[in-house]
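Each remark here refers to the structure printed beneath this line.
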Amino acid sequence: MKLYQKYPIQLSNSLSGVKEPFEPITPGFVGMYVCGPTVYNNVHLGNTRTFLTFDIISRYFRFLGYKVRYVRNITDVGHLVGDVDEGEDKIGKKARLEQLEPMEIVKRYTEDFHTVMRQFNILPPSIEPSATGHIVEQINITKKLIDLGLAYEVNGSVYFDVKKYNQSHHYGILSGRNIEELMESGRELDSQDEKREKIDFALWKKASPEHIMRWPSPWGDGFPGWHIECTVMSTKYLGETFDLHGGGMDLKFPHHECEIAQATGANGKTPVKYWIHSNMLTVNGQKMSKSLGNSFLPAELFTGNHPMLQKGYSPMTVRFFMLQSHYSSTLDFSNEALNAAEKGYKKLSNALSLVKTLTHAGGASANADTEKKLLQLIDECYQNMSDDFNTAKTLAVLFEMASQINTWAGQKEMLSEVSTDVFEKFKITYIAFMEEALGLKEEKSVNNDLLEGTINVLIGLRKRVRTDRNFALSDKIRDDLKAIGIQLKDGKDGEMSYEIES
RNA sequence: GGUCUCGUGGCCGAGUGGCUAGGCUGAGCUCUGCAAAAGCUCCUACAGCGGUUCGAAUCCGCUCGAGACCUCCA
């Protein structure tokens with residue numbers, strides 16, 4: 001029996017609006033697509049939360065034994081700036097401002113994105129396709145939509161005919177809108193606009209003469225519209241219908257709605273079985289976003305180099321902080337919350353180091369109640385994660401497990417209350433959920449052999465003067481080290497450990 | 001204006017009809033030569049009003065408040 005059969009996943013499907021059992025299209029396999037970053041700027045912390053959410057989801061699918069293909073794109077053709085009529089893409093604009101080649105911009109921010117992902121221990125996707133690498137496919141699907149009568153060309157640009165599509169399908173099925181309301185509200189169609197209806201959206205845009213990013217097409221030189229790349233790349237690598245599509249809440253409308261319309265229109269079938277949207281990171285209750293100017297760069301957070309931050313916080317602290325809430329809730333960002341997260345994470349991390357050193361001596365006289373309790377904790381880890389990837393509930397269980405680990409570390413004789421088998425299961429589960437499922441690794445405070453060796457010399461010295469009951473000297477060693485940020489901790493058995501304070 | 005979400009103890013944040021979430025902070029105790037760490041105990045909330053129910057933080061209605069989307073954003 002596979003783990004995914006023992007602990008079947010339930011997930012909230014944005015499309016249906018309810019929590020449903022997850023049943024992949026092909027048993028044992030999961031195909032998932034997530035809208036990746038637009039690489040014309042540094043990723044900020046809010047972006048990171050979305051990618052962390054889907055890192056957890058893909059990790060947990062694999063953890064339960066599914067074979068996962070995770071596709072996350074790089075948008076390197078900029079989305080249109082402001083008014084569509086300006087016909088200029090963001091990457092082109094930025095390039096001109098900074099006097100750089102578009103691909104130079106793309107390269108720089110893609111590198112930055114990957115660096116940040118690694119810092120947060122967010123695993124790379126299986127495939128990371130780029131929009132510019134799929135221009136031909138985007139042109140082909142646009143042609144197909146024209147042939148099907150669902151798109152029309154005007155002056156070298158091609159638009160999707162939403163009204164036409166809506167005659168046979170429901171445009172708005174994901175975001176719960178109806179086309180009449182959409183046509184009444186919002187921006188008015190201005191005289192310059194080539195679109196038949198304001199709700200129509202571009203599949204292909206004509207490039208103005210000064211436009212840098214341009215490709216030849218049946219309609220002249222231009223570049224692909226905003227939504228088409230995701231449809232093309234998800235279909236190409238995952239098929240015309242695939243299991244799961246994710247992204248930030250703010251992409252639900254119009255981006256994902258348009259994806260559904262394009263794909264359904266072109267292929268005649270529903271493209272995605274489950275949609276998952278992760279909620280926003282907020283600052284003082286307001287969405288963190290580039291345009292509002294309240295965003296943090298990960299690097300600023302790590303160093304504490306930002307007016308709103310009292311100090312720096314490590315990547316794992318931030319990862320833990322985000323996992324304390326459910327991905328579907330907004331999460332408010334504050335110094336206080338981060339300080340609390342730092343301590344909480346340290347507790348779990350210490351227990352992780354500790355449990356690795358614990359071994360069972362064998363020959364136990366097991367206490368049935370204790371064993372039952374431990375086995376229940378193990379079970380709860382799986383139950384909680386399988387319940388819509390509830391990392392917050394899972395962490396609560398891990399805290400209980402950490403207390404147990406600390407108790408054992410302090411009183412080794414208590415290990416005899418459990419059998420070797422149960423102990424090993426418990427140990428393996430704690431390590432696996434921390435490191436594999438949640439991706440919370442130990443942060444080595446020392447990565448310098450010379451320093452480590454030096455501290456160990458001092459520890460050896462202190463052990464000796466302590467045996468001699470020379471407490472004045474032993475306290476001096478401890479106090480002096482403390483003054484430079486090294487905290488010595490005396491164990492029960494005369495052993496000493498240390499911790500570098502940040 | 002339209003569509004939708006949320007409002008939990010000092011702070012953060014799970015939880016959807018009955019059973020103490022958890023973390024951080026604070027107080028006390030135990031262990032320790034003294035610390036630190038750790039363990040134990042305590043501080044018991046659900047915006048307001050009304051309704052459904054044997055019973056509601058959880059369902060329904062209204063009020064107040066906050067936010068998101070409708071325009072580029074994860």
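All chains are named by letter (A, B, ...) in the order of the sequence lines, taking the proteins before the strands, and each is independently numbered beginning at 1.
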* To do: Would you mind checking if A/K476 and A/D480 are paired as a salt bridge, meaning a charged N to carboxylate O distance below 4.0 Å?
  => yes
* **Note: A/K19-A/D388 ion pair, threshold 4.0 Å (strictly below)** => no
* By nearest nucleotide on RNA chain B, pick out whichever of A/P254 and A/T330 is the more 5' one. => A/T330
* Structure fact -> Whichever of A/T282 and A/F333 has the more 5' nearest nucleotide on RNA chain B, that residue is A/F333
When all nucleic acid strands are considered with a 4.0 Å heavy-atom cut-off, which category describes [X]: base, sugar-phosphate, or nothing?
X: A/L331; value: sugar-phosphate
X: A/S289; value: base
X: A/L398; value: nothing
X: A/G285; value: sugar-phosphate
X: A/H326; value: sugar-phosphate

Please give the distance between the [atom1] atoms of [N] and [M] as a whole number of Å.
N: B/rC49; M: B/rA57; atom1: P; value: 12 Å
N: B/rC29; M: B/rC43; atom1: C1'; value: 15 Å
N: B/rU25; M: B/rG17; atom1: C1'; value: 32 Å

* Within residues 472-483 of chain A: residues closer than 4.0 Å to RNA chain B (heavy atoms) -> A/S474, A/D475, A/R478
* Asked: Hey, can you pull the residues of residues 169-177 of chain A with a non-hydrogen atom under 4.0 angstrom from RNA chain B?
  -> A/G176, A/R177
Residues forming a side-chain contact (heavy atoms from CB on, under 4.5 Å) with [X], sequence neighbours excluded:
X: A/V397; result: A/L377, A/E380, A/C381, A/N384, A/M401
X: A/T115; result: A/R118, A/Q119
X: A/R177; result: A/S175, A/L182, A/F253

Measure the acute angle between the ring planes of [X] and [Y], then classify it against the limits of 30° and 60° as parallel, tilted or perpendicular.
X: A/Y7; Y: A/Y382; result: parallel
X: A/W275; Y: A/H256; result: tilted
X: A/Y327; Y: A/F389; result: tilted

* To do: Under the salt bridge (charged side-chain N to carboxylate O under 4.0 Å, His left out) rule, collect the residues that match up with A/K163, sequence neighbours excluded.
  => A/E197
* **For RNA chain B, stems built from three or more consecutive Watson-Crick or G-U wobble pairs below 3.5 Å** => B:1-7 with B:64-70, B:10-12 with B:22-24, B:26-30 with B:38-42, B:47-51 with B:59-63
* What pairs of residues pass the salt bridge (Lys or Arg N to Asp or Glu O under 4.0 Å) test when at least one of them lies in residues 461-472 of chain A, not counting sequence neighbours? -> A/R462-A/D490, A/K463-A/E495, A/R466-A/D490
* Enumerate the residue pairs fulfilling salt bridge (Lys or Arg N to Asp or Glu O under 4.0 Å) with a member in residues 39-55 of chain A, sequence neighbours excluded, ordered by first and then second residue. => A/D55-A/R59, A/D55-A/R319
If only side-chain N and O atoms of [X] are considered, is one of them under 4.0 Å from the OP1 or OP2 phosphate oxygen of [N]?
X: A/W226; N: B/rC73; value: yes
X: A/S329; N: B/rU5; value: no
X: A/N350; N: B/rA38; value: no
X: A/K287; N: B/rC69; value: yes
X: A/N406; N: B/rG39; value: yes

* **Side chain A/D332 and base B/rC12 donor-acceptor under 3.5 Å** => no
* Check the pair A/F223 / A/W204 against ring-ring contact (aromatic ring centres under 6.0 Å, His included), numbers first and verdict last. => CA-CA 6 Å; A/F223 54 95; A/W204 186 263; 7.3 Å; no
* Asked: Using a cut-off of 4.0 Å between protein heavy atoms and nucleotide atoms, how would you tag nucleotides 18-27 of chain B 5' to 3' with B, S and -?
  -> ---BBSSS--
* **ring-ring contact (aromatic ring centres under 6.0 Å, His included) partners for A/F54, two or more places apart** => none
* A/Y345: ring-ring contact (aromatic ring centres under 6.0 Å, His included) partners, not counting sequence neighbours -> none
